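Here the structure comes first, spelled out in structure tokens, and everything after it is commentary.
Note that this is a predicted model, so its numbers are computed, not measured. Naming convention: chains lettered A, B, ... in sequence-line order (proteins, then strands); numbering from 1 in each chain.
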There are 2 protein chains.
Amino acid sequence: MKGTGTGDLDQRKAYILATVVYEYIATGEPVGSQTLTQKYGLGISSATVRNEMAELEAAGYLVQPHTSAGRVPSDAGYRTFVDDLMAPEKLLFDERRRIRDELHDASRELDELIDSTSRLLGRLSNNLAFVTRPQPDSHEFRHIQLIWLTSRTGVGIVVTSLGVAAQSLFELTTDVKPDDMTRLSNALNVRLANHRLADIGEDDIAAAVAELQLSDDLRNAVVTALRSARSDEAPMVAAAGAQNLLDQPEFRDLRKLRSILRIVEEQKTLYDLVADAMAAEQPSVKIGHELQHDELVDLSVVTVPYRFGPHAVGMLSILGPRRMPYARLMALASGTAETLSERLSDVEIK
Amino acid sequence: MKGTGTGDLDQRKAYILATVVYEYIATGEPVGSQTLTQKYGLGISSATVRNEMAELEAAGYLVQPHTSAGRVPSDAGYRTFVDDLMAPEKLLFDERRRIRDELHDASRELDELIDSTSRLLGRLSNNLAFVTRPQPDSHEFRHIQLIWLTSRTGVGIVVTSLGVAAQSLFELTTDVKPDDMTRLSNALNVRLANHRLADIGEDDIAAAVAELQLSDDLRNAVVTALRSARSDEAPMVAAAGAQNLLDQPEFRDLRKLRSILRIVEEQKTLYDLVADAMAAEQPSVKIGHELQHDELVDLSVVTVPYRFGPHAVGMLSILGPRRMPYARLMALASGTAETLSERLSDVEIK
DNA sequence: GGTAGCACTCCTTGCGCTGGAGTGCTAGGA
DNA sequence: TCCTAGCACTCCAGCGCAAGGAGTGCTACC
């Protein structure tokens, strides 16, 4: 995409488009030719601007809500603005430090840390922020422990590189001694050391169980524990700041808000919005229709990956009105993602 | 409270009040004297009803939005209605079965089960539902396991009567052998068996550590594990269905909605709304000002406890417009609470 | 004590008007 | 050829006003 947008725009048109988007983002009012010449020193008359704007509209970058109104950017207009026209922003030193401080005060427990991050970003961005949780699939195996409760029940605990991923209660049909569980746990710990969770096969487990001559029951317990560690049932996404959206004029229509609240509760849809950015491990901006969701046509999402070691393990996103300060929000998301990534190293179990 | 409300109301006034509340809940429009005589066979003229309504207003049960409008119940009117006038409802057999089915399909893991319950109740009630999580303080100790990761790090797992309450990573300043952790775990398991978490003192732990001649480091690890088990950092409340509130005409004013969304995100405030009902272990209805929250004056909350064994361990609540179908929502909440209580026995670790 | 009748109040809705912001077009100038 | 000044036109937002209607309180009567 990058760079393709301005091909058919001369410098003046590009500047006018950028100014219209900028002004519209700032005020929320359709931008007229006079505003443009008066507020920004263009050195040309409003009539000229009008001609240019008419052409920009014909080319699909601007839209007129009604005949006697100013112009408003179209999806394409925003897209060009984001890709080619806007100046990237940087966070102030103070802001950067505040993010750092807040996240360093947050819990070292992964889930809590993600929750805090989403709340922080919601507050800073004044929009709806959401953060996908690292999928345990990509974590490394560290330790498994079968805990004996009674001769026929126990709990399986799996510790991964990012903390305790799951616990699962199991019931057996034959009696088992505490020692059996310990021996099996030890054997598995050796055998599975440093595997990625996704790479652990059932045959690894079966082999360990067979070697120690233990029951299939126990094997199933281990398989279940590992499976539940991989497909953690916890919500996939932490979201915060929905109430910020209420300030935006685009929500005078309550139905829009309703669908958004529903989407936030239905974690899946929220996750899907950023799934491809996640796959690409790249920052991404999606504007209006690009979200492929009828209910979200006048919203946009800014997404930035955060890393654990060399890999992107999750995304940090801001959902807000299409008329959002893109550069600012990208800076915020990036800064927060960076700090979160650092923090994850602290969380890591080595 | 019960029974005090109708002292100063003769039967006819009581019936008129009940009808006004009923009709207002159904339609959302202020109720006039004609509506009352026409829709409900009162056997008296509208003029008489007007006189009665004027007296009910003077007595504080009704309110007139403006001179030429019908009447609307005041907080006191709703209170009397709820305490003395309304007919309790029961769930249909089918509804009861549906609740049972849905909760039986839900996860056996405590947090998940509470989440599912709040979503179910939100959906059924068409309002905002929230469910407080059992506070681990009241759970019984079942098992502790210190898991050796390296000679100076480990994870402490505490299993309680309602599942795995917490895990906490610890770091030691002196080297420890896996066997030390096992021996300490075993000693603690014997010593703490069946204690309530709240009853476990640091001296119990110190004694076990001393007996085995282990380091203070390890003692601290255990203390931390138990403390984090008790004050679980997980959100206190699961909430669902906020979007349902948007349908209510009382939310044409967006500021109200804003504060509610904020309150839902700030779990604490939500919890405080039902804290006293929780302490009393009794169902409760709070109407308007009774919520002691300026932003919630035209809302009400219906709350019902759910049990684990003999004790109420949490509350199941519905937050909606003051103009809510109280009897219906109480029936829904009670039915759901009952089923949830049953399910908790399944979750229990014996 | 209950009721019919009536004047009165006040909200809601719809309508037309006006002011203003912004446009597109045309004609003239650099 | 490109830019600009001028102008007629469009359309929305806001306002005031009138009509309609629901509901009341009061009075007089049964």
Of dT24(D), dA22(D), dT3(C), the nucleotide closest to the side chain of N51(B) is dT3(C)

dG1(C) base to R12(B) side chain: any donor-acceptor pair below 3.5 Å? no

Review point. At under 4.0 Å between heavy atoms, what does T48(A) touch on the DNA or RNA strands: base, sugar-phosphate, or nothing?
Key: base

In whole angstroms, the gap separating P of dT23(C) from CD of E29(A) amounts to 14 Å

L62(B) atom CG is separated from dG25(D) atom C1', nearest whole Å, by 16 Å

Can we say E95(B) and K90(B) salt-bridge, meaning some charged N sits less than 4.0 Å from an Asp/Glu carboxylate O?
-> no

Notebook entry, point to check: Can a salt bridge be assigned to the pair D75(A) and R322(A) using a cut-off of 4.0 Å between side-chain N and carboxylate O?
Noted result: yes

Going by the angle between their ring planes, with limits at 30° and 60°, are Y78(B) and Y24(B) parallel, tilted or perpendicular? tilted

Practice task
Mind checking A47(B) for me? I need base, sugar-phosphate or nothing, with any heavy atom below 4.0 Å counting as a touch.
Solution key: base

Rounded to whole Å, CD of E55(B) lies from P of dT24(D) at a distance of 14 Å

Margin query: Quick check on dT9(C): is either OP1 or OP2 less than 4.0 Å from any side-chain nitrogen or oxygen of S68(B)?
Written below: no

From CD of E52(B) across to P of dG1(C) the rounded distance in Å is 11 Å

When rounded to whole Å, the NZ to C1' distance for the pair K13(B) and dG2(C) reads 13 Å

From CE of M53(A) across to P of dA21(C) the rounded distance in Å is 15 Å

* To do: Classify the side-chain pair Y40(A)/T35(A) by whether it contains a donor and acceptor separated by less than 3.5 Å.
  => no

### Message
Applying a 4.0 Å non-hydrogen cut-off, can you work out what S46(B) is touching in the nucleic acid: base, sugar-phosphate, or nothing?
### Response
nothing

Among the nucleotides dT24(D), dC11(D), dG24(C), whichever has the atom closest to the side chain of A54(A) is dG24(C)

By nearest-nucleotide position on DNA chain C, the 5'-leaning member of R50(B) and T67(A) is R50(B)

Between S46(B) and S33(B): side-chain donor-acceptor atoms closer than 3.5 Å: no

Rounded to whole Å, the CD-P distance (Q34(B) to dA4(C)) equals 12 Å

Against the side chain of I44(B), the closest entry in dC6(C), dG6(D), dT3(C) is dT3(C)

(request) Output yes when at least one side-chain N/O atom of R71(A) is less than 4.0 Å from OP1 or OP2 of dT23(C), else no. (result) yes

Q. How would you label the contact of Q64(B) with the nucleic acid (heavy atoms, under 4.0 Å): base, sugar-phosphate, or nothing?
A. sugar-phosphate

From the candidates dC11(D), dC7(D), dT3(C), the one with an atom nearest any side-chain atom of H66(A) is dC11(D)

